[in-house]
Amino acid sequence: MAAVSERGRPGRLPLPVGPTPFLGAILLVPALLGLSRLLPETGAGLALRLAAAGALVLLVPGALVLRSLGWPGRLGVALAGALAWSLVAIGVGLLLTVAAGGSLTLTLVIAFALAGGALVPALWQARTELARADVLSVAGLALAGLALGAAVWWTQRQVSGDGLFHLARARKLAELPALDGLESLDEFADGGLHPGYAFPLWHAALALIAKVGGVDVAQVVLHLPSLLVPLALVVAYGAGSALLGSWGGGIAAAGAQAALVAFPRDGVGVLPLLSLPATTSRILLVPAVLALAFHYLEDGRRRLLVSLGAAGLVLAIVHPTYVLFVCLPLGGFLVARAVLVGRAGIPDAKRLGLVLAAILAPAAAFLAWLLPVIRDTEAVRQTPAERAEDFAHYAGQVAGTASSFHVAPDAIGRGGAAVVAGLLVLPLLVLAARSRWAAFVLGGALVVLAVLLIPFVFTHVSDVVSLSQSRRLIGFLPLPFALAGAAVLGARLGLLGAALAVVAGVVLQLAFPGSFGYASAGPGPGWAVWIGLAGGLGALALGRLWPWPVVRDRREGEPEAEPPLRLRRLAPGGLAVWTAVVGLAFTAPIAVDGLRRIEKEPVDKRALSAGLVRALREQVPPGQVVLADLEASYRIGAYAPVYVVAAPPAHVARTKANRPLVRRAAIVAFFFRPSSTDAERWRIANRYGADWLVVDRTRRRQHVDGFLEYLGEPRFQDRRYALYRIPQELRS
């Protein structure tokens, strides 16, 4: 059978989208927001309010800017670009707000003013044609995402873990009357910038959604992930459809993404964390960057590079290390394409060079601004003892010694059935080695695996970005596209391919359901990593010489060859259908097994009482300092726009200003050291400028009764907590 091109698009059946339908879609969002305000602020009313406010903040401004530049022909790519430009508008607004010392209201005004400035150019643009199948695919994935999002909503009880850290920053953005510098968003009144979140762009987006929706920012952090799930699937679809050249490939990629990040981890996986910057970056912003990059390779219009640069800048701001990580597979793509197709790949090589430049140039400007903050961070200047401590902390994920280490293959393979399958299909890509998607998967996987597995390389990368960050490079293996590519190959077998995909999904899910966590997680099949590495190298070495390609790019103009197996000749439309069917057939068993184990998250036993939260918000003025034990302080900063004296060191950046271990020692001395005198406690309160004291009455071995005699009656008291005012005259 002749090789079938993945790039042909006959039967496009375009849907013309002119200015009037576009404007109608834009105006529908505020109309839905107004309608949601008439409903109760709970249940479906809250969901509609968050959905409308989220769309108004995260998509509408960027959609106007993107259309003024030229709307992409793929809907998933367009939504990726709209997300990037919306965050750029928010970033400009926040920058000017901090410079002026204003409140978040000013940020909102500036962001929508920028969007309004793009309105006329956006409406002036000629109509855009979208493929009917593309629109229907996005609609179907959005509906599936809503169903999965409903499951995420059901599991959530309260903000916990890292979410409290991010909620504290978003709350200060939403409720402080004036933003007097970025340091004002820190957890400490005298603290320093966090190197990972020095410019709190994503936190500002969360705070704006709360302000526009008229809800507490805790509700946004808790439940916005449920409404972001459809967007995450659509953006993954956009990247897959652009790389594989069909809507079927996009659906297979979106299904593979869900199989990797959600279903193996008790049905919803990391999706409840989508309101946190790291998870948002990995599941929303990285696929958005890839979608725009792949679409530029396909389309070639230089104006797309502007949107790609915007996406790269946003990724660098929200999570700086990830913009470097995403460039690794793209760099491997460039090399693999040159190896596999030779001179025929020169146009792609030039475009990939521009892609990398477009991503890295604005990101480099931001990282240059961030460099002084990074230099102030102890974690990047580790002593041998500190490195040994980190090495011991991640002992279940790394192998070697504290001075020379790499990621353990078992840690890579324990991500579940989809991870194992993605690694095992790498050798099969020799059958499609002359296609773009195979070059990206092979080049990207081999480069990332090389960094992870070569001790000299991984140790130095960890020295630069920290081991906490470098281990996350596992998530940048292009496995969603490997699985989608396998679906493209399986589509040639029709029903047999779908049946084989179901069997593979069932067998692999039963054998390798996944093991997650840190040192407590069990080992995975490390042998799958070595098969993927060896098979990928073999496919790269043999790909250019392989005489029977099943898939290749039509534009190469190579003579067609007859493969040894006579596979069915499929028209592009039929190929897309079977690609989607095969891809979803593999995902289905993983989804069923994961969702049957879904359960609500555990209750936070250290959660603050509702009465204390109310007292903090009603009696403590914004921006004052509260002294409490570590666990209470961590939650106090999240639920009231105040500063705390200390927080658990694991959740505090190790900067000179923050001094997390020194602060922890001060809390221990104040509350839990019997030998501390009241004079020493006064010195601690004075040193950190404490205005208020919270005492957990249920905790034993606290030694503050004598100190409390100076403070008089508590301003609030319930069965667990007591809130005291520290008078200024006594504090000084």
Side-chain angles (χ1 to χ4, degrees), residues 29 32 43-44 46-59 75-76 79-80 82-83 86-87 137-157 159 163 166 202 205-206 209 213 215 219-241 250-288 290-291 318 416 418 475 480 583-584 587-588 590-592 594-601:
V29 176
L32 288 175
L46 176 60
L48 182 59
R49 190 176 293 199
L50 287 175
L56 195 60
V57 171
L58 295 177
L59 293 177
L75 187 53
L79 291 173
L83 174 64
S86 292
L87 290 172
S137 298
V138 168
L141 284 171
L143 290 174
L146 286 174
L148 183 55
V152 173
W153 186 295
W154 179 82
T155 65
Q156 296 301 91
R157 294 181 190 267
V159 180
H166 298 289
W202 184 249
L206 297 176
I209 292 170
V215 299
Q219 294 290 345
V220 177
V221 174
L222 182 63
H223 287 308
L224 183 66
S226 302
L227 286 312
L228 290 179
V229 171
L231 182 60
L233 292 181
V234 168
V235 172
Y237 162 84
S241 64
I251 289 179
Q257 179 79 321
L260 287 161
V261 304
F263 301 133
R265 303 166 184 249
D266 298 328
V268 294
V270 299
L271 296 183
L273 306 179
L274 261 176
S275 57
L276 309 188
T279 311
T280 295
S281 298
R282 177 66 190 89
I283 298 179
L284 269 178
L285 299 182
V286 167
L290 294 177
V318 176
L584 295 179
T587 301
I590 301 174
V592 170
L595 290 172
R596 73 179 178 84
R597 292 181 280 114
I598 193 172
E599 58 184 25
K600 285 183 176 293
E601 68 171 358

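These numbers come from the heavy atoms of this one structure, side chains and all, not from hydrogens, waters or symmetry mates. Everything quoted here is computed from the prediction, not taken from an experiment.
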Under the side-chain contact (heavy atoms from CB on, under 4.5 Å) criterion, do L83 and L285 qualify, and how do the steps go?
-> CA-CA 8 Å; L83 174 64; L285 299 182; 3.9 Å; yes
Rounded distance (nearest 0.5 Å) linking atom CH2 of W153 with atom CG of L50 = 5.5 Å
Which residues pass the salt bridge (Lys or Arg N to Asp or Glu O under 4.0 Å) test with R597, sequence neighbours left out?
-> D266, D593
Closest heavy-atom pair and its distance - G238, A291 | C-CB, 3.9 Å
Work out which heavy atom in L273 is nearest to a heavy atom in T279; give both atom names and the distance.
-> O-CB, 3.1 Å
Distance in Å, L79 CG paired with L284 CG, rounded so as to fall on 0.5 Å steps = 11.0 Å
Drop me the distance from Q156's CD to L271's CG, to the nearest 0.5 angstrom.
-> 10.0 Å
Taking only residues two or more places apart in sequence, or in another chain, which ones meet S137 in a side-chain contact (heavy atoms from CB on, under 4.5 Å)?
-> Y237, W247, I251
Can you tell me if T280 uses its side chain to pair, donor with acceptor, with the backbone of L274 under 3.5 Å?
-> yes
Residues G163 and V221: closest non-hydrogen pair is O-CG1, 4.3 Å
Assess whether side-chain contact (heavy atoms from CB on, under 4.5 Å) is satisfied between L58 and I209, documenting all intermediate values.
-> CA-CA 9 Å; L58 295 177; I209 292 170; 4.1 Å; yes
Nearest-0.5 Å distance, CD of residue E601 to CH2 of residue W154 = 11.0 Å
Evaluation steps, side-chain contact (heavy atoms from CB on, under 4.5 Å), between L148 and F263 | CA-CA 10 Å; L148 183 55; F263 301 133; 4.0 Å; yes
Expected output: side-chain Q257 to main-chain L233 donor-acceptor under 3.5 Å | no
Output for pair (I283 CD1, L231 CG), nearest 0.5 Å, gives 11.5 Å
What are the two closest non-hydrogen atoms of T155 and P272, and how far apart are they?
-> OG1-CG, 4.3 Å
Shortest non-hydrogen pair, P225 vs S275, comes out as CG-N, 3.5 Å
Residue pair P264 / A258: nearest heavy atoms and the distance that separates them | CD-O, 4.2 Å
Partners meeting side-chain contact (heavy atoms from CB on, under 4.5 Å) with A278 (sequence neighbours left out) | H319, Y322, R472
